[in-house]
Amino acid sequence: MGIHRRYAGAAFSSMTNPIDILYDTNILDERMRKRISGYYLHRGTKALEIVDQNRVKRYRDFFVVVGETGEYIVEGDYCSCENFLRRGSICAHVLAVYIARATGRYELVDLWYYQDLKEQCVKPI
């Protein structure tokens, strides 16, 4: 048994992924923000900024994160951004979706993503 710390009335190991704690507690306070930033470093800080700026959208088919250079599709642990495709590991966009889902902080778009693109007269690649 490892050392346990208490967070919002629940015991968690000091090595527990903060996203797991966030899903259990749904509390994104300053303490949780520090845990996320400390655990994920720059990606965690960037993910928190994305959520704070309301750049996470939930469509009928998947989540979309409005990034600095475009919109990125996030489905499960996958992201369509170059960083994810190059490194093959979790990116700030995936983390932002995890945080947004756990806290309910996303824009709900009652459309299929392709339908929304079509209505905006954008041709997908």
Side-chain angles (χ1 to χ4, degrees):
M1 239 197 292
I3 298 171
H4 286 82
R5 296 189 182 156
R6 305 215 34 94
Y7 194 95
F12 295 100
S13 160
S14 60
M15 296 301 292
T16 302
N17 181 329
I19 299 298
D20 293 337
I21 298 169
L22 187 59
Y23 271 101
D24 287 339
T25 65
N26 307 110
I27 298 171
L28 184 59
D29 57 9
E30 196 56 39
R31 185 173 170 198
M32 178 55 70
R33 289 171 176 278
K34 287 179 182 175
R35 274 188 84 128
I36 291 169
S37 293
Y39 193 88
Y40 292 105
L41 305 175
H42 175 70
R43 288 174 289 156
T45 303
K46 189 173 177 181
L48 289 166
E49 289 172 5
I50 290 168
V51 172
D52 289 342
Q53 295 169 0
N54 300 313
R55 295 191 287 145
V56 179
K57 301 177 186 180
R58 181 178 184 176
Y59 284 83
R60 289 181 185 170
D61 37 3
F62 39 71
F63 282 86
V64 172
V65 175
V66 179
E68 295 169 2
T69 59
E71 291 190 347
Y72 304 107
I73 295 169
V74 176
E75 190 167 19
D77 293 337
Y78 169 84
C79 181
S80 63
C81 76
E82 269 188 56
N83 190 15
F84 179 87
L85 297 173
R86 193 174 350 103
R87 289 180 344 156
S89 62
I90 197 165
C91 65
H93 308 113
V94 171
L95 285 174
V97 169
Y98 290 165
I99 295 166
R101 287 182 72 179
T103 60
R105 293 185 58 190
Y106 53 81
E107 177 186 351
L108 186 58
V109 181
D110 191 22
L111 294 171
W112 300 100
Y113 184 61
Y114 180 76
Q115 181 183 5
D116 192 29
L117 289 177
K118 208 171 158 183
E119 288 178 10
Q120 293 179 42
C121 297
V122 175
K123 292 185 180 182
I125 298 173

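For this chain, numbers begin at 1 and follow the sequence in order.
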Pairwise distance SG(Cys91) to CD(Glu82) - rounded to 0.5 angstrom: 12.0 Å
Closest contact, heavy atoms only, Ile90 versus Arg43: O-NH1, 2.9 Å
For the student: nearest non-hydrogen atoms of Lys57 and Val109, plus distance: CB-CG2, 4.2 Å
Carboxylate-amine/guanidinium contact Arg55 Glu107, below 4.0 Å: no
Evaluation steps, side-chain contact (heavy atoms from CB on, under 4.5 Å), between Lys46 and Tyr40: CA-CA 10 Å; Lys46 189 173 177 181; Tyr40 292 105; over 6 Å; no
Basic-acidic side-chain contact under 4.0 Å: Asp29, Arg35: no
Shortest non-hydrogen contact between Leu85 and Cys79, atoms and distance: CD2-O, 4.0 Å
Sub-4.5 Å side-chain heavy-atom contact between Ile19 and Ile99: yes
Heavy-atom side-chain proximity of Ile27 to Met32 below 4.5 angstrom: no
Closest approach of Val51 to Ala100 (non-hydrogen atoms, all atoms of both residues): CG2-N, 4.2 Å
More than 12 heavy atoms of other groups within 6.0 Å of Glu68 CD: no
Geometric class of the Tyr72/His93 ring pair [parallel <30°, tilted 30-60°, perpendicular >60°]: tilted
Smallest separation among heavy atoms of Asn26 and Ala102, with atom names: ND2-O, 2.5 Å
Backbone of Gly44 reached by a side-chain donor or acceptor of Ser37 within 3.5 Å: no
Under 3.5 Å donor-acceptor, Arg58 side chain and Asp61 backbone: no
